[in-house]
K.L.:
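To start, I am sharing the structure in question, which I have written as structure tokens.
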Amino acid sequence: MSMEALIYNIQHFSLHDGPGIRTTVFLKGCSLRCAWCHNPESIDNRIQMLYDEKKCIGCGACIQVCSNGAQLAGPEGLHLFCADQCMHCTECAQVCYAGAMEQCGYIKSAEQVLEEVLRDKTLYQTSGGGVTFSGGEPLLQADFVAEAAKQLQAEGIPTAIDTALNVPWDSVEKALPYAELFLVDVKMADCQKHKKYTGAGNDRILQNLYRLAEYKPLYIRIPVIGGVNDTEEEMANIVKLLLPVRASIKQINLLTYHDFGIEKGRRFAKEMQRFAVPTDAQMQSFSKQFQSVCESVLID
Amino acid sequence: MSRFVFDREKMFGQFRKVFETYPTDISGLYQKLDIMQAENPQASAFQKKAWIYRMAARDCKVRLMPACPFYMELDTGRDRNSITSTWPPEPGLATWLMAQNKQLLHDYNETWLANYDKALMIGGVMFADFAHHYADVERVLEFGLEGLKAQALSKLAEVQERKEQGRIAFYESMICGLDSVMQIAERFADEAERLLKVTEDPQERYHLEQIAATARRIPRQPAQTFYEALCTVCFIREMHNALEGIGFAVYGHLDRILWPYYQKDIAAGRLDREQAQALIDCFMAITDARWDLNRELPGGTNATVIIGGCDAEGKSVYNTVTEMLIISMEKHRFANPKLQARIRDDHPSEYLEKLADLAKSGTNVLSVFNDKAIIASQIKAGKREADARLYLAGGCQEPTLSCELNSRAYVYLNMAHMMDVSLFPEKWEQIFAAAGDMVHFMPAYRAESFEVFYRRAMYNFGVQIQNFVHKYNQLALQWPETNPCPLYSAVMADCIQNELDVTEGGARYNSDSFGMTGLGTVIDSLFAIKKAVYDLKIVTMQELRTALACDFEGYEPLRQYLRNRIAKMGHPDPEIREFTQQCMADIARHINGYPNTRGGYFESSLFTFYSFEWFRNSNASANGRKRGEYLSRGGNPSEHAGGIDAATLLYAQNVVDYTDYPGGGVLYMDLPVTKGQLGRDLFVSVIRGFVQNGGSIMDFNVIDRAQLRKAQEDPDNHRNIVVRVCGYSALFHSLDKEKQDEIIARTQR
């Protein structure tokens, strides 16, 4: 029986999820609830329906097939999607030719994923790229990630795992033999603040980080969120956290907050908070702070 | 001062000063020619061409810009921005003869072509290629013009013996052309000597001294040095542009051609790399300096330089001259000439890395040619391997051989409408009839199976190709009368021996091609018909026809289904990949091999220039495209096919056998701006991926959406952004808003 996972996107020609040209496999389900999440559709570990009202042509086909009362006739020929009524049966997406109702999340086997990512093998080889498993939190489906990474390793394709590390160490350990690189999100230093904004403290995350650093090279990814962690003090605290594992850190990516998550959240009636966007000057200044940890600091 | 120096500001300033005054009034010369014609009503076209050569040599001003060490500009009344490629004839002495045949072409344009133009079936006003030629400078470098003249004189004696008046006129005109060009070169030497008397600037004096010492010998005699070879390249191309009334886009395969001269000079201590680089920089600057790039340039400057590839024996070419040409483009960020880089498997990584650096710099002047596919396609088309190995390309990306008159990119056919014929044959028969073309199309839409539909659609496609081949062949028969090119024939291999002008088929190879537009749109539409009508029976053929006829008004769910639920060319779905493979093989089969009037054949090509935009108001297509939306470009998938990133696009190449497309299949590759090492690796990977997947030609466009938006809002502060419009590069700010928007829209993929 082939290993399966719930995947919501496979992005080819990915240039920002590790070195070289990569394919990023996005797994659905996350163990954090970051208030600024830019992929809120990745949080729920079930298949979901997303509604893009801009694509709706008001044909009413979804209303005809919905047996849960989630699709209602709205004003001016459009319709209303009641996400809380939705049982995720996907019937509406089957009949929505315009793609306004979209299924988010598909069960895929490791073989299916492999078949798709292997078609870009030449690009990985010539660019020093590979495959990245991202999420959500990919290590919530650690058995699948480990199996897929193992098969990729056998094909000579390097694997990276993009994780927030808010998982038991066992999950990390499963993927360790097969992943060559870990991209680890570090969001803030203070545990209480971390809990406030992400729904979980960072104790386990940091423990995992320090332990992982003994085994694998790391890219550290720090989302910089206006009003949350965009201060020199906060960044200095993160620097302190990272200094003990600096030998393993090969790159630091400072990810400037953007509000794409707000629109995405709207598609399944999830209201996402809007934060301020840090200025270029701030980002440049933070970038300098991290030079003490790693020579390669990129602002993305 | 005894060195060449590239002073960009000074050189551009001097060029601007001269070319701002263009076009010069040459009505007096036109009157003289008119009188000569009146006095010699029996004169042949060859004789008239000789009048033009002689008059140019005697009466047109030679122009030297002393910051430039090359001599090439003869003021024949051309526009500053001119590729002498269109109809009605552009200003200039050389187009006088064409202008005498206005009526003939007027009839073609006003009746036959106007009908198809209105129906959006054909785009382009020419009846043959007037823009993409190559004057084989290697023959001039080898023999010198004196050597070519000797060959012509020898043949003249033969035809005089045989008393063949037509051929006598041909050779006499050719000899007159060669003599005139040699005389013009001498006048450049005279002009340099005159200027030396009034020039004090030591750098300019050095350049003028070099010209004065060189122009009496070069290109009369074979070049001996690197400088002389570059002088020959500049001079020969520009003389052809000035005197033949057609455009010579291609400079040549310069790293291969110049390499022996460079080596010899270095060995003799006559040249160092810095000097060679300065000469290359001056040479590469000429096109941008001459042209007013701030004006909208439909089609661009057309100038192209070819690098890399291999020699006639198949040995890879990559040398110091290759490097210098790339460096020049990267360092000075020239928008022209375009650099056409031929790639082979055995090229060193260093070559690809240098190309990658140029590509990622965002100057958007680079096209990549896959030697393996293109050389094989030429051989398949019946050309010798040694000749095929020396292929060139230009003005946009159209391949040709140096010993070939490849009449290409003069007309674009709308494949979307060629397929619409199968759905609405009665309507289209009337349109063809209005043009005087009595054709009968099969009612494909009545077919009971897709196999039969497809067969009929391909038959109808073939009927149209045959019809257009017939018409363009008829028109091409007029070419030797409307504008023979004996000077061009002197430098074109085999014309002298074959006793035929290039326009009569004197060249070794004589191909023709139509630019086929909308491949992706057509494949998607055929596949949509297969799936929606025949396989899944989502819609009946009659309903589909009704929906298409009314541009999907009232059929929006169906349109969305066709657009979003059926796989598109470029998608990795195995069924559409197999279907694409089949369609592309069949389309090529229907075009390749029709004979033309010059003893050659039509060849298939997937090259669209801007026709995907010209044809945007084509009837709605079965892929869910509404009227007003663009057709697909070149060999690219349609813009309606979502989810096609660069990796997927490269993967899509490997189902196509591009050796079926000797005219080239262009893949337009838009990529984001990248920084640092990633950028280099990315471009190297994309080039390698393209070659390994069997692509034909790839045009890079590196774009930063945010930057283009800013440039649109504040053009004055963004005047140096070069973008790839289609086959040519242009300053972004010089484009109209619609073109700017179209380029920005590409970044949304």
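Lettering of chains follows the sequences in order, A, B, ..., and the numbering in each one begins at 1. Hydrogens, waters and symmetry mates play no part in the numbers below; they use all other heavy atoms, side chains included.
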K.L.:
Using heavy-atom distances under 4.5 Å, tell me whether B/Tyr561 contacts chain A through its side chain, its backbone, both, or neither.
P.N.:
both
K.L.:
Could you check whether any side-chain N or O of A/Gln103 sits under 3.5 Å from a backbone N or O of A/Gly105, counting only pairs where one atom can act as donor and the other as acceptor?
P.N.:
yes
K.L.:
Give, as side chain, backbone, both or neither, the part of B/Gln692 having an atom under 4.5 angstrom from any heavy atom of chain A.
P.N.:
side chain
K.L.:
Among A/Ile222, A/Val224, A/Asp300, A/Ile299, which residue meets the side-chain contact (heavy atoms from CB on, under 4.5 Å) test with A/Leu255?
P.N.:
A/Asp300
K.L.:
Against chain A, label B/Leu671 side chain, backbone, both or neither, depending on which of its atoms sit under 4.5 Å from a heavy atom there.
P.N.:
side chain
K.L.:
Can you say whether the rings of A/Trp36 and A/Phe275 are parallel (under 30°), tilted (30 to 60°) or perpendicular (over 60°)?
P.N.:
perpendicular
K.L.:
Is B/Leu562 in contact with chain A via its backbone, its side chain, both, or neither, using a 4.5 Å heavy-atom distance?
P.N.:
neither
K.L.:
Output yes when B/Glu575 and B/Lys531 qualify as a salt bridge under the 4.0 Å nitrogen-oxygen rule, no when they do not.
P.N.:
yes
K.L.:
Which bit of A/Gln94 comes within less than 4.5 Å of chain B, counting heavy atoms only: side chain, backbone, both or neither?
P.N.:
backbone
K.L.:
If you count heavy-atom pairs within less than 4.5 Å of chain A, which of B/Arg688, B/Glu556, B/Arg559 leads?
P.N.:
B/Glu556
K.L.:
Salt bridge or not for A/Arg267 and A/Glu41, using N-O below 4.0 Å?
P.N.:
no
